[in-house]
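Here is the structure we will look at.
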Amino acid sequence: AKSISFEDGLNLVMQRANSMQIACQQQDSTMAAIIGLDADTIEEACNNNNGIVVTANYNSPNQLVISGDTKTIKQTCEKLKKLGAKRAVILPVGGAFHSPIMDSAKKYLKEAINKTNFKTPVCPIYQNICATAISDKKILKTNLIEQLTNPVKWHQTIEKMINDGASQFYEVGPGNVLIGLNRRINREIRSVKATIENE
């Protein structure tokens with residue numbers, strides 16, 4: 001949305017990835033997908049633990065992802081199965097993203113973002129930390145930092161965009177995971193794949 005340059009965007013992606021990798025190496029951690037259980041039950045199960053486990057991704061009405069230290073994630077998966085989850089699957093990821101375990105990464109990302117020139121975007125940007133459209137460049141920067149340790153509200157963001165008038169979504173990049181999630185959120189809204197071919 002022309003808030004930052006393409007080059008600055010790539011640099012921030014690199015800085016974010018590097019800082020998250022360092023955080024992953026500091027503690028044995030992972031994530032797990034929980035299918036077929038409501039958000040309130042999952043959140044309550046996460047809150048009643050001695051270790052680190054939080055809701056990390058609100059993907060669709062019946063799929064959430066939890067994130068935390070490996071031992072507590074495994075324990076919570078077993079608990080959620082007993083509470084009625086259809087599936088509780090440990091994901092093949094490098095660490096506990098969107099959890100307190102990423103807290104050390106925020107320092108490095110904050111430094112990189114504060115050194116980057118942000119402009120007012122040409123259109124509002126929906127940020128999944130708050131599931132609302134943002135135009136204030138200061139808030140955009142703060143949300144990009146806080147998103148490291150807070151959940152991705154994908155489900156809520158898509159619903160908000162639909163309520164605001166969005167009628168078609170394009171997934172850019174490899175795979176079609178987001179198209180699948182959008183269909184679970186609202187089958188009446190069109191989601192399609194945008195393909196970029198290299199010649």
Side-chain angles (χ1 to χ4, degrees), residues 16-110 113 126-132 134 139-163 175 177-186:
R16 185 178 187 271
N18 289 342
S19 61
M20 290 169 70
Q21 179 61 33
I22 293 171
C24 288
Q25 294 170 352
Q26 294 175 353
Q27 186 169 358
D28 185 19
S29 60
T30 192
M31 304 174 79
I34 311 301
I35 300 170
L37 204 58
D38 64 277
D40 289 341
T41 301
I42 296 171
E43 289 167 357
E44 185 177 351
C46 289
N47 291 335
N48 296 321
N49 279 289
N50 293 325
I52 299 173
V53 58
V54 296
T55 51
N57 298 74
Y58 293 83
N59 287 339
S60 69
N62 67 346
Q63 184 192 107
L64 273 76
V65 175
I66 59 175
S67 183
D69 70 82
T70 301
K71 180 181 178 181
T72 308
I73 287 290
K74 290 179 179 179
Q75 292 173 345
T76 305
C77 282
E78 294 306 312
K79 181 190 297 185
L80 291 170
K81 287 177 184 177
K82 293 177 181 178
L83 290 172
K86 292 181 180 179
R87 296 182 68 194
V89 183
I90 303 292
L91 300 175
V93 295
F97 306 118
H98 305 291
S99 81
I101 292 174
M102 291 293 110
D103 195 57
S104 63
K106 285 172 68 175
K107 173 185 175 183
Y108 301 104
L109 182 61
K110 183 177 181 179
I113 284 177
Y126 285 82
Q127 293 186 289
N128 57 46
I129 185 175
C130 56
T132 55
I134 304 295
I139 298 176
L140 288 173
K141 293 171 74 170
T142 298
N143 285 347
L144 286 173
I145 298 165
E146 294 301 320
Q147 199 248 13
L148 274 182
T149 54
N150 283 275
V152 173
K153 297 178 180 178
W154 182 263
H155 174 202
Q156 298 92 325
T157 302
I158 296 301
E159 286 192 331
K160 174 62 176 170
M161 293 177 77
I162 293 170
N163 289 337
V177 172
L178 302 181
I179 290 175
L181 293 180
N182 282 6
R183 286 174 180 163
R184 294 187 187 101
I185 295 168
N186 189 321

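On a predicted model such as this, the values are computed, not experimentally measured, just so you know.
Gln147 has its side chain within reach of Val152: a pair of non-hydrogen atoms, C-beta onward, lies under 4.5 Å apart. Taking 4.5 Å as the limit, every side-chain heavy atom of Asp69 sits out of range of all side-chain heavy atoms of Asp28. In this structure, the side chains of His98 and Pro151 stay at 4.5 Å or more apart for every pair of heavy atoms. Two residues are said to be in side-chain contact when any heavy atoms from C-beta on lie closer than 4.5 Å; Asn50 and Thr72 fail this criterion. Side-chain contact check for Ser60 versus Ile185: some heavy-atom pair is nearer than 4.5 Å. Side-chain contact between Cys77 and Ile90: present, with at least one pair of heavy atoms (C-beta onward) separated by less than 4.5 Å. Between Gln127 and Leu144, the closest side-chain pair of non-hydrogen atoms falls below 4.5 Å. You'll find the side chain of Leu181 reaches within 4.5 Å of the side chain of Trp154, heavy atoms only.
The CE atom of Met20 sits 4.5 Å away from atom CZ of Phe97, with the distance rounded to the nearest 0.5 Å. Remark: Glu43 CD to Thr55 OG1 distance equals 5.0 Å, nearest 0.5 Å. Taken to the nearest 0.5 Å, the CD1 atom of Ile145 stands 12.0 Å off from the CG atom of Asn150. Atom CD1 of Ile162 is separated from atom CG of Asn182 by 7.0 Å, given to the nearest 0.5 angstrom. Atom CD1 of Ile101 sits about 11.5 Å away from atom OG1 of Thr149, to the nearest 0.5 Å. Within the model, atoms CG of Asn143 and CG of Asn128 stand 9.5 Å from one another, a figure rounded to the nearest 0.5 Å.
Applying the salt bridge (charged side-chain N to carboxylate O under 4.0 Å, His left out) test to residues at least two apart or on different chains, the pairs with a partner in residues 72-82 are Glu78-Lys81. For residues 91-109, the salt bridge (charged side-chain N to carboxylate O under 4.0 Å, His left out) pairs, not counting sequence neighbours, are Lys106-Glu146. The salt bridge (charged side-chain N to carboxylate O under 4.0 Å, His left out) analysis of residues 148-159, with sequence neighbours excluded, yields no pairs.
Proximity of a side-chain donor or acceptor of Asn49 to a complementary backbone N or O of Ala45 within less than 3.5 Å is detected. Ser99 places no side-chain N or O within 3.5 Å of a backbone atom of Val54 that could act as its donor or acceptor partner.
Only one option out of Ile35, Ile34, Asn57 pairs with Gln63 in a side-chain contact (heavy atoms from CB on, under 4.5 Å); it is Ile35.
Contact record, Ala131 with Lys160: O-CG, 3.2 Å, taken as the closest heavy-atom pair. Taking each heavy atom of Cys46 and Ile66 in turn, the nearest pair found is SG-CG2, 3.7 Å. Between Gly68 and Ile73, the closest heavy-atom pair is N-CD1, 3.4 Å. Closest approach of Ala56 to Ser67, counting heavy atoms only: CB-CB, 3.5 Å. The minimum heavy-atom distance between Met31 and Gly95, with the atom names listed, is CG-O, 3.4 Å.
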Let me see the working for Val53 and Gln75 under side chain to side chain contact (heavy atoms under 4.5 Å, CB included), right down to the final yes or no.
CA-CA 10 Å; Val53 58; Gln75 292 173 345; over 6 Å; no
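Under a cut-off of 6.0 angstrom, the local environment of NZ in Lys141 is crowded, with over 12 non-hydrogen atoms contributed by other residues, nucleotides or ligands. Crowding of Asn163 atom CG: a count of heavy atoms from other residues, nucleotides or ligands under 6.0 Å exceeding 12. In the displayed structure, Tyr126 atom OH is contacted under 6.0 Å by more than 12 heavy atoms of other residues, nucleotides or ligands.
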